[in-house]
Amino acid sequence: MIFRSYCILAQKTARVLVSGRHQLPTCIWLSLRRSASSMAVCPVLSVQPTRALVDEKFQIVVRNLHPKQEVTVHSLHHSEDKDYWEAFGHYTSDENGTVTVMEDASRGGTYTGTEPMGLLWSLRPIPGSRHGLRMRKRNVLSPMVVNISVYKGHMNQGFSEEAALATVVTERWYLAPGVQRVDIREQGVKGTLFIPPGPGPFPAVLDMWGGGGGLVEYRAALLASHGFVALALEYLTPNKKRTLDIETRYFETAYHILQSLPQVSSDRVAVLGLSFGASVTLTLAAYSKTAKPRCCVCISGSHVHPVNKTLFEIFQLMNQSLAKSRIDENNHVIWRDVILPIPTEPDLKVDVGKIKCPLLVVIAQDDQNWATVESTEDMEQIMERSGNRHLLTVLSYPDAGHLIEPPYTPHIRFSNFITHFNGEKVIMLWGGQTKPHADAQEDAWEKILLFLQKHLYQDIPPEAKL
């Protein structure tokens, strides 16, 4: 409203100057005319759509600038942890006074080049923030709010001290309209269920995260927004006694709870896991006599996982191997050597040769947390010898790190981490470089959805949008 009033004032001033031309001294009239001309240029910022799913692209256009004017397009997000994250690109308007972020190249900032979504995937904590932050959405019932602004000139800092030329507030959602969220507390299983709108029945995905523990809902919410019933499963909790008693039967029970829902097609259930969750996924697919997934997706995980052990026993064995971990020059912990060399003992790794369903493995070549590249090579050899190599699809991304998340999630090279082995707080090195990692996340998510649609849907459903 203030910005619009400013433009109206400029227009009125221009009209007054025209009508009063012969009543003012020439020097004063020329000075006022230059000021009015400057005021009359009112930049207009457009962001479409302003409300979208987190994996949807938006289009940002700045109009009504001076030709060849230098501006900074800036994004700002206040996280649920009360930290501010920002990203920005340096642009120069064309001869028409327009900047089109989808077509024009950023010449500097937190990203360079033509990057339509650089204002999201290059988000980073503002200067002076706490160390080791990682952005994660906890409450999927509310959006991720991002302010997109335009500033005069090419800026690198001090945005809070300058007035923006224009600002648009955008919302990024994990949950599409109509998706139901249901708490699951059944047969000892704890999780959150997300159900797409419509009569169903739908294919389903059991969704498991890794060693960070807790109940992480946002990927399951996004899967439901794309037409899958999804169960975000909690299995590593602050309650150590509950965690350490968990064995394979817990995951089978969760699978059957999901499978038996009236909204679910019982023969079209997949399992998806990241990091430690990928090891659990492979264990279910290879050994379970009651959980028979139609297909599986493993992200940044390994088959090096003691067989027929409780989580307590697994953690004991892993704790013994932590002496292989390294500390880099920045005091960041590197775990990738913990499972190297890949063991030859059959009781120390999942026999992936027993897997009978399609398997998609997503790995990052700069994963500093887990030896996923070496693990995948060994898995390929095992499956080749066992005659089921045709079931395996591998997506391998150069210069990407361990935390391969939904598209446009900010790249986190390192962050605070609390180990479940001993409760120690460390700075974990995940790896990856920002631009290649962002490309990997966008490509992997698209191919994960296509893989699930191919094996769980007979007909590919329409693309999800808000």
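Below, each value reflects all heavy atoms present in this structure, side chains not excepted, and no hydrogens, waters or symmetry copies. Everything numeric in this text was worked out from a predicted model, so none of it was measured. Start at 1 with the first residue, then count along the sequence.
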| query | Taking all non-hydrogen atoms of both residues, which atom of A440 and which atom of A400 are closest, and how far apart? | reply | CB-CB, 3.8 Å
| request: Could you walk me through whether D183 and T192 pass the side-chain contact (heavy atoms from CB on, under 4.5 Å) test, one step at a time? | output: CA-CA 5 Å; D183 290 327; T192 305; 4.1 Å; yes
| note | Heavy atoms of F58 and P49 approach each other most closely as CB-O, 4.0 Å
| message | Any non-hydrogen side-chain atom of T419 less than 4.5 Å from a side-chain atom of M318? | response | no
| field | Exercise: identify the closest heavy-atom pair between G301 and W370 | value | C-CD1, 4.4 Å
| task | With rounding to the nearest 0.5 Å, note down the distance linking OG1 in T100 to CG in D94. | result | 7.0 Å
| query | Are side-chain heavy atoms of V269 and P293 found at a separation under 4.5 Å? | reply | no
| request: Drop me the distance from L272's CG to M208's CE, to the nearest 0.5 angstrom. | output: 8.0 Å
| note | Here the pair of heavy atoms bringing L45 nearest to V168 is O-CG2, 3.6 Å
| request: Decide yes or no for L193 and L261: does some side-chain heavy atom of the first lie under 4.5 Å from some side-chain heavy atom of the second? | output: yes
| field | E442 versus Y408, side-chain donor and acceptor atoms under 3.5 Å | value | yes
| Would you say S75's side chain and L119's backbone share a donor-acceptor pair under 3.5 angstrom? | yes
| task | Considering only NZ, NE, NH1 and NH2 on the basic side and carboxylate oxygens on the acidic side, decide whether D81 and R136 come within less than 4.0 Å. | result | no
| task | Give, for atom CG of D367 and atom CD1 of I404, the distance between the pair rounded to the nearest 0.5 Å. | result | 7.5 Å
| query | Would a 4.5 Å heavy-atom cut-off, applied to side chains only, mark V62 and V71 as touching? | reply | no
| request: Mark yes or no for whether R268, through its side chain, and L456, through its backbone, hold a donor-acceptor pair below 3.5 Å. | output: yes
| said: I'd like to know if the side chain of R172 reaches the main chain of E56, judged simply by a donor and an acceptor atom lying under 3.5 Å from each other, with no hydrogens or angles considered. | reply: yes
| task | Give a yes or no answer on whether the side chain of T170 reaches the backbone of V146 with a donor-acceptor pair at less than 3.5 Å. | result | yes
| message | For K152, I'd like to know if atom NZ has over 12 heavy atoms of other residues, nucleotides or ligands within 6.0 Å. | response | no
| said: Please verify the inter-ring angle class for H90 with H154; under 30° counts as parallel, over 60° as perpendicular, anything in between as tilted. | reply: parallel
| query | Taking the six-membered ring for Trp, is the centroid-to-centroid distance between H305 and F276 below 6.0 Å? | reply | yes
| query | Got R219 and I299 here, is their nearest side-chain heavy-atom distance under 4.5 Å? | reply | yes
| message | Quick one, E217 with K137, criterion side-chain contact (heavy atoms from CB on, under 4.5 Å). Give me CA distance, side-chain angles, the key distance, then yes/no. | response | CA-CA 8 Å; E217 299 183 355; K137 194 79 176 72; over 6 Å; no
| field | Which residues share a ring-ring contact (aromatic ring centres under 6.0 Å, His included) with F417, sequence neighbours left out | value | W335, W430
| remark: With sequence neighbours left out, the residues meeting salt bridge (Lys or Arg N to Asp or Glu O under 4.0 Å) with E70 are none
| message | Can you confirm whether the side chains of Y218 and E405 place a donor and an acceptor under 3.5 Å from each other? | response | yes
| request: Examine distances only and state if a side-chain atom of H77 and a backbone atom of V145 form a donor-acceptor pair shorter than 3.5 Å. | output: yes
| field | Short side-chain to backbone donor-acceptor contact, H437 and L403, under 3.5 Å | value | yes
| task | With sequence neighbours excluded, tell me which residues meet salt bridge (Lys or Arg N to Asp or Glu O under 4.0 Å) with E384. | result | none
| field | Gap between atom SG of C357 and atom CG of L284 - 0.5 Å precision | value | 10.0 Å
| field | Heavy-atom side-chain contact between L223 and H226 under 4.5 Å | value | no
| Do you know the tightest heavy-atom contact between L120 and P410? | O-CG, 3.8 Å
| request: Answer whether the closest heavy-atom distance between the side chains of P125 and D83 falls below 4.5 Å. | output: no
| field | Donor-acceptor contact below 3.5 Å, side chain D399 vs main chain Q433 | value | no
| Salt-bridged, D55 to K57, with N to O below 4.0 Å? | no
| task | Mind telling me whether Y457 and F228 have parallel, tilted or perpendicular rings, with 30° and 60° as the class edges? | result | perpendicular
| field | CG on L395 to CG on L360, rounded to 0.5 Å | value | 5.0 Å
| request: Hey, could you give me each pair passing side-chain hydrogen bond (donor to acceptor under 3.5 Å, both in side chains) that has a residue in residues 270-279? Not counting sequence neighbours. | output: S275-H402
| Quick one: which of Y91, Y111, F159 gives a ring pair (Phe, Tyr, Trp, His ring centres under 6.0 Å) with H74? | F159
| Is there a donor-acceptor pair closer than 3.5 Å between any side-chain N or O of T98 and the backbone N or O of V61? | no
| field | Gap separating the CG atom of L359 from the SG atom of C295, nearest 0.5 angstrom | value | 9.5 Å
| said: Tell me every residue that passes side-chain contact (heavy atoms from CB on, under 4.5 Å) with S149, counting only those two or more places apart in sequence or in another chain. | reply: Y151, A164, T167
| request: Would you check if the side chain of E80 reaches a backbone N or O of N139 as a donor-acceptor pair within less than 3.5 Å? | output: yes
| request: Specify the closest pair of heavy atoms between A270 and L452, including all atoms of both residues, with the distance to one decimal. | output: CB-CD2, 3.9 Å
| message | Could you tell me if the side chain of L258 sits less than 4.5 Å from the side chain of L233, heavy atoms only? | response | no
| query | For S396, which residues count as a side-chain hydrogen bond (donor to acceptor under 3.5 Å, both in side chains) partner, sequence neighbours excluded? | reply | Q365
| query | When you measure from the side chain of N388 to the backbone N and O of V352, does any donor-acceptor pair fall under 3.5 Å? | reply | yes
